[in-house]
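Labels below follow one simple rule: chain letters A, B, ... track the order of the sequence lines, proteins then strands, and each chain is numbered from 1.
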Amino acid sequence: MEKYNHKKIEKKWQKIWEDNQVVNIDKDNTKKKFYMLDMFPYPSGDGLHMGHTESYTASDVFTRFKTMQGFNVLHPQGFDAFGLPAENYAIKTGIAPEISTAKNIDNYIKQMKLLGLRYDFDEKVVTYEPEYYKWTQWLFIKFFENDLVYKKTSKINWCESCQTGIANEQVVGGECERCGTQIVQKEIPSWFFKITEFADDLINDLDIVDWPEHTKKNQKNWIGKSEGAKIVFKVQSPKSKVEKEIEVFTTRPDTLFGATYMVLAPEHQLVQDLKEKVENWEEVEKYIKEAQSKTEMDRIEAKDKTGVKLEGIFATNPANKEEIPIFIADYVLSGYGTGAIMAVPAHDERDFEFATKFGLDIREVISGGDIKEESYSGDGVLVNSTQFDGMTSEEAKQKITEFVEGESTSNYRLRDWSMSRQRYWGCPIPIVYSPEGEAKLIPEEHLPWLLPTDVDFIPSGKSPLEKSKELRERTEKIFGKGWTPEFDTMDTFVDSSWYFLRYPDVHNEREFCSEDRKKWLPVDLYIGGAEHTYMHLLFSRFFVKAMNKIGLLDFNEPFLKLRHQGMILDGEGKKMSKSKGNVVNPNEMVERFGADSVRTYILFATPLEDEVMWNEDNIVGVYRFLEKVFYQREKLEETTSQEVQNVLHKTIRKVGNDINGLKYNTAVSEMMKFMKVVKTSQISQKDFEKFLRILSPFTPHITEEIWNSLGHDSSIHLEKWPAYDEKLAKDDLYTVAVQINGKVRAEIEVRDEDSEKEVKDKVLSDLRVQKWLDGQEVKKSIYIKNKIFNIVI
RNA sequence: GCCUGGGUGGUGGAAUUGGUAUACACGCAACACUUAAAAUGUUGUCCGUUAUGCGGAUGCGGGUUCGACUCCCGCCCCAGGCACCA
């Protein structure tokens, strides 16, 4: 008996498949299309990790399944190759990002092939290649021409010592991760995409996609639409009359009579405008400085409310004309609403905390709980609100807004997308500046606008591109003396916001995708990590909506169906990371157990969307199962027993349904059960081959080997998915649990065609049941066909 | 802090979505084969008990129901995300 040698088998078939281009995707044929997509990886130096292994195996299985079912499946792969890690690596080692990245990509491809993942790497998208980013730039130009791009200043985390912008991730406890210097907020000019213009569509169109409910919820919360009103408060100082106005957004205009003070964000422009009138300016300025050193996260997280009163000025509550104090406090964020609030301590938790600390008036205007202990933030009936007393919140919201001449409006948490970065390793922004400093688009004929190579990577407080002589010369040569290029590059999220639109036509030099190839769009099933719930998915949706508006696409949503794979954790439930030294290398596992076992195990271990606690011990169960399958080919009989026949058809049905629902863990266990039955019974070659076919998407190598050894010349992966026979999959007898008052007291066998009356007679004649009834009257009985018979006494 | 998800044997998990809780797999134990070990096979394995029975158990406490892992209310704990990591 030949031993199951996974190394030999996998090496052999991987070579044969590659040489013979088994199942190459035909982009022009007439079969029904199915676009299966993985979130493309960032090619890090660490190589492919277990999370990739899980989601790419999941999509590979689905691709093979759909192909067997007769679909023409597009399942491409690519690399999100611009980004910070390669640049940091370059800063550290001097090795250019394109060199380290290309090396990493080669490594990823090698690893993917070892896992038996079926991608056509001639059709890959690599975001740093000019043939790709040419179209990223082209899309920027189209967005610019259609008024979806603008420039304004925005704040970034800044490290004075490193002289560079710092990602939130690199800020640890308010300090720079690298050098420990206190991070400050710095205003710099930045390009923005107008994603907020699509806020309502981004919420509403979630109704038309098949996504996990929690992902939809998260997106809605991220966009954060709230209905309310804009209300204007007049600002005065005792010495002068009306000077300024503060506009606030509130979702609770019904509580306006309870507004006993106002708060401005420390960065609010009005604070600077009032400089002359504020009597304690020194103290105010000091607070603003402190607030600037904090990241937004620090401010949100702060347990203790802080703030400073603007002495010498006050605002007038437009509802009751009372004079109320104005504070600056960092619990009010400049980026949300108008950056100013009316504070109603009786009915807002944060305002209540602040008012308690600063001894401010707390005035109940909505009757509710006891506001001495805590605020009441629910709706209710108005009190202490003059002519509005007795109204419901609902009614008063509109009436009070009208009364103070406010404007009913919606506010969104979503901010426009700041997409420029002071980094080297990103897509150049196709903008040049005239000698007068006016931003102009680079004409399409000059695309791709190449990323220069004559730069060094040491941070100096300016964008690395400023150091490129070639870029400056190129700009002057084309546009004239005194013209300068844009030195910022694009956020890497821009690259990944449209890559899926390129796959159907990656080599097209005239268009990002031809009209004919656009028939492949949109993506039918998208699989990737839940960490992308917000940004990547939202940005991609924005791109598609914007392109639809411009007329470049005729659909509204990029990903019709979306599923997430869970995180892979180590045995202690910790996230795997290189720094913790707990990373499991997929290739080492493949070496030891084979790609077929690794693929099957990772899908068997847990539902796709759940976290996986990596436990190496369990993989041997899968390996043993594959051995059983391998040796079964030597035990094939002329005929198949009735028992196996029945289980086979049930298994085909269940595995097909489970793959469709991405419930791979139960699909695998079903196939294991099947082999258990086969072992004690008999199966013919013809029926065993049906089983091999349903197993083949999971374990492409071993099934190909067995298939081949059973006398087939062509690949098992060109076979059709077997049909099952509903009659053969049907059971004759069912075990029904007999319950008395909900407790199982007996079991009886029934036939499918038995009526409820027949079952009841059988139940009541059962000795065990009679013992429990003990002559008592049956008040009620409930029969769930073929499952439960419950007697209530 | 805010948003979202989760908690079932020693372990990963299953449960037809309100209908026999613990499928499948790992581990463990006993037995078989072996000089022995490995491998393989068979059997057993939620807990308690006065064991063919009965009682209890799906993070904790309550509720709805003939019946709750599943639905509702209140807690506890864990994970992910929070806009310049991708």
#### Entry: Results of ring pair (Phe, Tyr, Trp, His ring centres under 6.0 Å) for A/Tyr4 - residues two or more places apart only
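Partners of A/Tyr4 under the ring pair (Phe, Tyr, Trp, His ring centres under 6.0 Å) test: A/Tyr623, A/Phe630.
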
### Message
I'd like to check the ring pair (Phe, Tyr, Trp, His ring centres under 6.0 Å) partners of A/Phe487; sequence neighbours left out, ordered by chain and number.
### Response
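None.
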
#### Entry: Runs of at least three Watson-Crick or G-U pairs with RNA chain B, cut-off 3.5 Å
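Stems for RNA chain B, defined as runs of 3 or more consecutive pairs: B:1-7 with B:76-82, B:10-12 with B:24-26, B:27-32 with B:40-45, B:46-49 with B:53-56, B:59-63 with B:71-75.
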
Heavy atoms only, 4.0 Å cut-off, all strands: where does [X] land among base, sugar-phosphate and nothing?
| X | value |
| --- | --- |
| A/Val736 | nothing |
| A/Arg745 | sugar-phosphate |
| A/Pro607 | sugar-phosphate |
| A/Trp211 | nothing |

How would you list, by chain and number, every residue that makes a side chain to side chain contact (heavy atoms under 4.5 Å, CB included) with [X], sequence neighbours excluded?
| X | result |
| --- | --- |
| A/Glu747 | A/Thr735 |
| A/Tyr150 | A/Lys152, A/Phe192, A/Lys194, A/Asp416 |
| A/Leu767 | A/Gln770 |

### Query
Between atom CD in A/Gln632 and atom P in B/G41, what is the gap in whole Å?
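Going from A/Gln632 (CD) to B/G41 (P), I get 13 Å.
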
### Query
Which residues within residues 646-664 of chain A lie with some heavy atom under 4.0 Å of an atom in RNA chain B?
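By residue number: none to list.
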
### Message
Taking side-chain hydrogen bond (donor to acceptor under 3.5 Å, both in side chains) as the definition, give me every residue that meets it alongside A/Ser420, ordered by chain and number, with sequence neighbours left out.
### Response
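With neighbours one apart ignored, the set is A/Ser190.
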
### Query
Under the rule syn = chi within 90° of 0, otherwise anti, which is B/U17?
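B/U17: syn glycosidic orientation.
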
List, with names and distances, any nitrogen or oxygen atoms from the protein found under 3.5 Å away from nitrogen or oxygen atoms belonging to nucleotides 62-68 of chain B.
residue	atom	partner	partner atom	Å
B/C66	O2	A/Asn790	ND2	2.3

### Message
Walk along nucleotides 42-52 of chain B from 5' to 3' and tag each nucleotide B, S or - by protein heavy-atom contact under 4.0 Å, base first, then sugar-phosphate.
### Response
S----------

### Task
Identify, with sequence neighbours excluded, every residue that meets salt bridge (charged side-chain N to carboxylate O under 4.0 Å, His left out) alongside A/Arg421.
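Partners of A/Arg421 by the salt bridge (charged side-chain N to carboxylate O under 4.0 Å, His left out) criterion, ordered by chain and then number, come out as A/Asp491.
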
### Message
Taking only the C1' atom of each, what is the distance from B/U58 to B/C47 in whole angstrom?
### Response
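Between the two C1' atoms, the distance is 13 Å.
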
Can I get a per-line list of side-chain donor-acceptor pairs under 3.5 Å for residues 655-663 of chain A, giving both atom names and the distance, sequence neighbours left out?
residue	atom	partner	partner atom	Å
A/Asn657	ND2	A/Arg653	O	3.4
A/Asp658	OD2	A/Lys654	NZ	3.4
A/Asp658	OD2	A/Thr666	OG1	2.8
A/Asp658	OD2	A/Ala667	N	3.3

### Message
Looking at A/Arg350 and A/Glu353, is any side-chain nitrogen of the basic one under 4.0 Å from a carboxylate oxygen of the acidic one?
### Response
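So A/Glu353 does not pair with A/Arg350 through a salt bridge.
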
